[in-house]
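Working notes, beginning with the structure itself.
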Protein chains: 2
Amino acid sequence: MNAENGGTITLLIADDHPVVRDGLRGILEPADGFTVLGEASGGTEAVEMTLRMDPDVVLMDLRMSAGSGVEAIAELTRRGARARVLVLTTFDTDSDTLPAIEAGATGYLLKDALRDELFAAIRAAAEGRTVLSPAVASRLVTAVRSPAVPPVDDTLSAREVQVLEQVARGASNREIARRLFISEATVKTHLIHIYGKLDARDRAAAVAVAYQRGILG
Amino acid sequence: MNAENGGTITLLIADDHPVVRDGLRGILEPADGFTVLGEASGGTEAVEMTLRMDPDVVLMDLRMSAGSGVEAIAELTRRGARARVLVLTTFDTDSDTLPAIEAGATGYLLKDALRDELFAAIRAAAEGRTVLSPAVASRLVTAVRSPAVPPVDDTLSAREVQVLEQVARGASNREIARRLFISEATVKTHLIHIYGKLDARDRAAAVAVAYQRGILG
DNA sequence: AGGGGGATCAACCGATCGGTTGATCCCCCT
DNA sequence: AGGGGGATCAACCGATCGGTTGATCCCCCT
């Protein structure tokens, strides 16, 4: 963290809005312990400047016209840049929150953060500590608790419905295979998918759920 | 069949209606080969006279006031009487048809039978051959084809419904046993009864039928 | 007093099921 | 060009199921 350079933390500001860049520089330059090495107006430029100037921390906006923030972060990670990236955005509901963190961002802060919060976050990021705004933190926890959260598709495919119809008639897997001109292995595969989609433990429960949902009957 | 007694068939007429008795006697006496030994007006009397007079054939009405025809037939069978019993009734839908045959009647004829049909039936009965009116014959066949025909009770017992509810939830036999505080053997017994009543081959089919009949859901 | 039905239980056994692993092929979207 | 989803298949295996036989107990009706 370049602590040997007078104990100051070197920074790069990456944001495509001049007003924001100026605002950040205006806040950081007068403060003790921060040195702004430069400003980038796009992702691509941010990568180039970071590699060249080697700042301790990059303050990165995610929505930029010339190269997205997430791609820039990923590129820096890939290149093994020493700089920590602290994401600074307007929205905490941004769909890029998780991708940014996955790409390698050390922290994620909202632009409406208080001055002292910003200072603390930059120092934390410089030390490699993760800093997240409360809203982002809770979203992260939720995302981790229900991994991937692919909004599980409940809908049975046409083939699965055909299999289930046979099951409701009391057909064995072998009979279903014969009637649908497929192998028993395939029938079993369909059934396991059906159990998963209907949250059923066996064919009897699957038939019950199917009737309750109007899939059968 | 007393063939040695001049080749004639000896008869006893048992009917509580004098008019019927006279009518039968009037038909049979003039005919060749028949000898009416006597007339009885009730079941009890018919048994007593048959045992005493030993006719070849007894023409028996089923509905008599003094001792029913079916009981008289059963009594004669029990006593090992040589006489064949030819039932002669008004109704071919009589609920006593089958009981009469089961009791030992050799033939069953309607009173509106033609004269020649009656003669043929008596001769057949005298030889021990079964003679049935067409309607009675078809009823017999039906009865034999669907033995006992106990109008199968489709209704699931309360316990069976409880078991089926568990099945619909995906419970295994073991789980059902635990939840209902019975053994797995009992669960299986209930299930087999359920399959029979619902005409289902397995638990899945049973659940389907139950939903269609409104037993579940 | 006997018969039928419901509920209960045991023991046995072949058949089927549910789950797992690993794979191929095709289609569609990005 | 790669990824995801649907459909297809094989092989393996422990668990469960369905069926059979035989039995007991209780209640209700005749």
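These numbers were taken from a predicted model, which means no experiment stands behind them. Order of the sequence lines sets the chain letters (A, B, ...), proteins ahead of strands, with each chain counted from 1.
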Handout entry: Under the side chain to side chain donor-acceptor pair (under 3.5 Å) test, residues paired with B:D202 that sit two or more places apart
Key = none
Handout entry: All salt bridge (charged side-chain N to carboxylate O under 4.0 Å, His left out) counterparts of B:E117, not counting sequence neighbours
Key = none
Exercise for the section: Please identify each residue that fulfils salt bridge (charged side-chain N to carboxylate O under 4.0 Å, His left out) with A:R201, with sequence neighbours left out. Expected result: B:E175
Fill in the blank from the handout: Hits for side chain to side chain contact (heavy atoms under 4.5 Å, CB included) against A:A40, two or more places apart or cross-chain, chain-then-number order -> A:A14, A:E45, A:A46, A:M49
Completion exercise
Closest to the side chain of A:H190, out of D:dA10, D:dA7, C:dA7, is D:dA7
Exercise for the section: Taking side chain to side chain contact (heavy atoms under 4.5 Å, CB included) as the test, write out the residues that go with A:T77, two or more places apart. Expected result: A:I73
Problem - Contact list for DNA chain C against residues 157-164 of chain B - heavy-atom distance below 4.0 Å - result: B:S157, B:R159
When you compare the protein's N or O atoms with those of nucleotides 16-18 of chain C, which come within less than 3.5 Å of each other, and at what distance?
residue : atom : partner : partner atom : Å
C:dC17  : OP1  : A:N173  : N            : 3.1
C:dC17  : OP1  : A:R203  : NH2          : 3.1
C:dC17  : OP2  : A:N173  : N            : 3.1
C:dC17  : OP2  : A:N173  : ND2          : 3.3
C:dG18  : OP1  : A:Y195  : OH           : 3.2
C:dG18  : OP1  : A:R203  : N            : 3.1
C:dG18  : OP2  : A:Y195  : OH           : 2.7
C:dG18  : OP2  : A:R203  : NH1          : 2.9
C:dG18  : N7   : A:K188  : NZ           : 3.1
C:dG18  : O6   : A:K188  : NZ           : 2.4

Practice task
Please identify each residue that fulfils side chain to side chain contact (heavy atoms under 4.5 Å, CB included) with A:I192, with sequence neighbours left out.
Solution key: none
Problem - Intra- and interstrand pairs of DNA chain D - dot-bracket, Watson-Crick/G-U under 3.5 Å, | marks other strand - result: ||||||||||||||||||||||||||||||
Handout entry: Residue pairs, two or more places apart or on separate chains, that pass ring-ring contact (aromatic ring centres under 6.0 Å, His included) and touch residues 168-194 of chain A
Key = none
Completion exercise
Residues passing the side chain to side chain contact (heavy atoms under 4.5 Å, CB included) test with B:E39, sequence neighbours excluded, are B:I13, B:R21, B:D22, B:R25
Which atom pairs, donor and acceptor, lie under 3.5 Å between side-chain atoms of residues 208-217 of chain B and protein residues at least two apart or in another chain?
residue : atom : partner : partner atom : Å
B:Y211  : OH   : A:Q212  : NE2          : 3.1
B:Q212  : NE2  : A:Y211  : OH           : 3.0
B:R213  : NH1  : B:D154  : OD2          : 3.3

